[in-house]
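Proteins get letters first, then strands, A, B, ... in listed order; numbering begins at 1 in each.
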Protein chains: 2
Amino acid sequence: MDLSDVRRHHLSVVLEHLVRSGPRSRSAIAQETGLTKATVSALITDLLDRGLVQELDTPTAGRVGRPATDVGAAGHSVGALGLEIDVDEVAACVVDLAGAVRTVHRHTAGNRDVTARTVINRLRDVTQRAMADAARMGIDCIGATLALPGLVDPQARTLFVAPNLHWFDADLRSLATQLRLPEHFPFTMDNEANLGALAELRHGAGQQFDSFVFVSAAGGLGAGIVLDGRLLRGAHGFAGELGHVVVEPSGKPCACGARGCLETFLHSDANPDELARHLADALRTVVHLIDPDAVVLGGSLAALGDEFAHAVADHLHADTLGARWHPCAVRRSTLSTDAALVGAATAALDRIIADPTIVPTRAFAH
Amino acid sequence: MDLSDVRRHHLSVVLEHLVRSGPRSRSAIAQETGLTKATVSALITDLLDRGLVQELDTPTAGRVGRPATDVGAAGHSVGALGLEIDVDEVAACVVDLAGAVRTVHRHTAGNRDVTARTVINRLRDVTQRAMADAARMGIDCIGATLALPGLVDPQARTLFVAPNLHWFDADLRSLATQLRLPEHFPFTMDNEANLGALAELRHGAGQQFDSFVFVSAAGGLGAGIVLDGRLLRGAHGFAGELGHVVVEPSGKPCACGARGCLETFLHSDANPDELARHLADALRTVVHLIDPDAVVLGGSLAALGDEFAHAVADHLHADTLGARWHPCAVRRSTLSTDAALVGAATAALDRIIADPTIVPTRAFAH
DNA sequence: CCTCTTTAGTTCGGATACTGTACTAACTCG
DNA sequence: CGAGTTAGTACAGTATCCGAACTAAAGAGG
């Protein structure tokens with residue numbers, strides 16, 4: 001750490017503040033971040049040079065004193081690609097820095113019984129279309145993230161297993177090229193539930209809860225765990241496999257080898273009441289181990305309605321040790337089924353927010 | 001964050017490096033931390049002024065060049081108190097900054113069927129004796145942490161429930177006074193399993209694993225979860241309640257209200273083979289949710305021998321999803337049963353390492 | 001319409017902490 | 001005893017932050 005790291009950190013703090021809390025004046029930023037007005041001015045000048053923030057027409061509110069000029073994250077000019085491969089569709093979207101989803105392209109078709117090459121070609125097509133849209137709208141895309149329904153190693157770019165996709169030990173290092181992304185384009189991948197949780201953190205329950213578990217039922221059953229505003233990925237990125245928590249040791253055998261995994265109770269003709277009970281059993285374990293503020297039900301579980309959520313909450317609170325003092329809230333996700341897709345783009349955007357200096361300055365002598 | 005925070009951070013980095021990696025020369029520190037020699041010299045001078053490090057007699061190794069003067073953490077002069085209340089004993093210890101346990105005092109007696117006041121008086125006595133020892137040895141104690149067998153809120157200084165101690169909703173805000181600790185003495189408290197995990201992180205498995213789950217069987221059954229070298233406490237400090245993971249839904253009722261909790265299978269006449277199977281069932285869930293590198297068996301589970309650990313590992317790996325790529329290691333703790341006690345002192349010491357500037361400078365004009 | 005007050009934002013001097021280079025210190029080797 | 005090597009210090013240069021003083025732009029009030 002040296003002086004430039006301090007600068008980097010402060011740029012990140014200011015940009016994050018603008019992205020999360022919306023446009024405001026330099027003066028307000030100074031107050032809210034604890035930095036001085038002078039420093040904030042310098043930081044904003046820097047961010048303006050990088051095209052990450054912009055001055056806005058601020059309505060003169062008729063208040064005493066010199067009117068402020070609000071600055072806001074440059075939503076219109078910077079964005080990221082979110083990609084997704086799911087059991088029955090592939091999709092690509094562009095989300096801008098202000099958090100708006102600017103374009104979505106999908107190709108709905110079963111991906112289970114075709115070759116990986118076919119699926120990748122489908123993904124390439126929607127990706128190309130999304131990038132063309134971005135170019136047309138003047139959005140500078142600074143990275144892409146791919147959501148996958150399985151165990152992923154983001155570092156090695158390997159998909160270990162995606163049971164519902166029938167993919168095993170897939171080496172995805174050449175994927176960026178196959179998708180025809182630009183050379184050296186920042187490209188990462190992650191588990192679909194993790195990215196769904198990230199979307200929830202930025203655009204949903206995250207506004208209310210600091211620590212929560214996002215349960216994603218799309219094909220399989222996964223969970224993304226957010227603790228203190230940070231995603232818990234585990235030592236190897238395998239965390240959150242809620243579907244394979246055993247709730248009935250004498251139950252039906254699961255594809256994973258064990259018996260009575262929660263996932264074996266999740267099928268189209270499942271009795272909601274019974275599912276609520278089994279889900280609550282699995283969540284009770286999660287609460288005992290992780291102690292989150294809330295559980296957010298996503299995917300097809302959100303569609304089961306508030307009644308289902310209440311049933312889960314009741315079962316959950318009944319026998320949970322800490323429920324008397326801090327009962328864990330159970331909510332339905334307010335995001336659409338695109339949570340993972342949007343979360344993927346969000347993950348890519350987070351890289352800029354964490355370090356705005358990766359975007360080059362376009363200052364020129366005057 | 002400003003310039004002085006940079007300084008604080010670097011002081012912390014250097015001190016932590018010395019504590020964890022042992023004494024070494026300024027030059028070596030510079031290389032290993034990436035700081036320049038000049039900066040390290042300045043930082044060491046500062047730490048010397050605070051009495052946190054000391055220059056050592058370095059054996060001239062007969063190597064070419066000017067011989068180095070090693071500096072090391074001032075183990076002999078700075079330390080912290082670790083306190084513990086358990087079902088059948090209270091204890092106090094002093095651990096110095098170098099990690100050595102300098103004194104331990106215990107009072108073994110059942111704490112379950114006596115008043116809280118009696119227990120606190122017992123703890124006060126061992127605390128006073130430990131502090132007297134510290135004074136005699138010239139150790140400046142900079143704080144204390146208390147390990148408790150139950151759900152603790154460290155901020156509010158409340159013990160919500162300690163089932164095995166029969167304590168409920170105990171307000172411990174006046175405890176520092178009752179123990180006759182000095183006025184404004186930094187005093188915190190935490191769950192016994194969490195602190196055991198901290199001890200394991202600093203003095204045991206932590207050297208080998210970045211993320212692990214420490215299973216503590218002492219009275220009840222708890223777990224301390226370490227992820228990326230940091231303790232996972234949960235949103236309310238309730239994380240790690242491994243004892244109340246349900247492994248047999250139709251099993252015996254547990255004090256917590258549920259049936260077939262892991263803890264109900266842990267009694268003196270338990271069949272080790274059966275216990276291994278149930279423990280592995282619970283740990284499989286932990287691995288699926290948290291994805292640690294290893295599980296460390298502590299307390300009475302460590303005493304069951306390597307055979308038991310192997311049995312747990314075999315059961316665990318059988319049906320765990322990610323085991324094929326990253327099997328979770330199962331180890332016995334190498335620490336004594338004092339893990340939580342030592343961990344408590346370690347937690348207090350960590351405060352200095354995190355911010356060495358809390359110790360005043362004793363520089364004087366010359 | 002002019003002055004006072006209020007709030008926004010900039011400029012500038014002072015303090016601080018880091019870096020890199022040049023230096024001094026202390027030892028071994030031949 | 002000098003050349004070579006490594007440890008540690010001194011010092012100038014640079015970047016950043018802060019605080020105070022300043023300029024800018026509006027409303028309030030006579």
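- Taking every side-chain heavy atom of A:R26 into account, C:dG9 is the closest of C:dG9, D:dG8, C:dT28.
- With C:dG9, C:dG20, C:dA25 as the candidates, the nucleotide lying closest to the side chain of B:T36 is C:dG20.
- Along DNA chain C, the nucleotide nearest to B:A38 and the one nearest to A:T69 differ in position, and the one closer to the 5' end is contacted by A:T69.
- The NZ-C1' distance, from A:K37 to D:dA24, rounds to 11 Å in whole Å.
- Checking the phosphate oxygens (OP1, OP2) of C:dA17, no side-chain nitrogen or oxygen of B:S4 falls inside 4.0 Å.
- In the interface, the side chain of A:R66 is not paired with the base of D:dA25 through any donor and acceptor atom under 3.5 Å apart.
- Per the geometry, CG belonging to B:D5 stands 21 Å off P belonging to D:dA15, to the nearest Å.
- When the shell of 6.0 Å around CD of B:Q31 is examined, it contains 12 or fewer heavy atoms from other residues, nucleotides or ligands.
- Closest-nucleotide positions on DNA chain D for B:T45 and A:G65 were compared, and the one nearer the 5' end corresponds to B:T45.
- Which of D:dT16, C:dT28, C:dC18 sits closest to the side chain of A:V6 comes down to D:dT16.
- Rounded to a whole Å, the CD atom of A:E55 is 12 Å from the C1' atom of C:dA8.
- Put simply, the side chain of A:E200 gets close to the backbone of A:A205: a donor and an acceptor are under 3.5 Å apart.
- Between B:Q31 atom CD and D:dA7 atom P there is a gap of 8 Å when expressed in whole angstrom units.
- Dashed line: the shortest gap from a side-chain N or O of A:H10 to OP1 or OP2 of D:dC17 is under 4.0 Å.
- Base contact: B:T39 has a heavy atom under 4.0 Å from a base atom.
- A donor-acceptor pair under 3.5 Å links the side-chain atoms of B:D291 to the main chain of A:G237, judged by distance alone.
- Rounded to whole Å, the distance from CG on A:L35 to C1' on C:dA8 is 17 Å.
- If you take CD1 of B:I44 and P of C:dA17, they are 16 Å apart, rounded to a whole angstrom.
- Considering only the side chain of A:S41, C:dT10 comes nearest among C:dC18, C:dT10, D:dC17.
- A:H9 places its NE2 atom 14 Å from the C1' atom of D:dC17, with the value rounded to the nearest Å.
- Few gaps surround CZ on A:R20; more than 12 heavy atoms of other groups in view lie less than 6.0 Å from it.
- Salt bridge present: A:D46 and A:R50 bring a charged side-chain N and a carboxylate O closer than 4.0 Å.
- As rounded to whole Å, 17 Å separates atom P of D:dT14 from atom CZ of A:R7.
- Each of B:V64 and B:D70 was matched to the nucleotide of DNA chain D holding its nearest heavy atom; the match closer to the 5' end belongs to B:V64.
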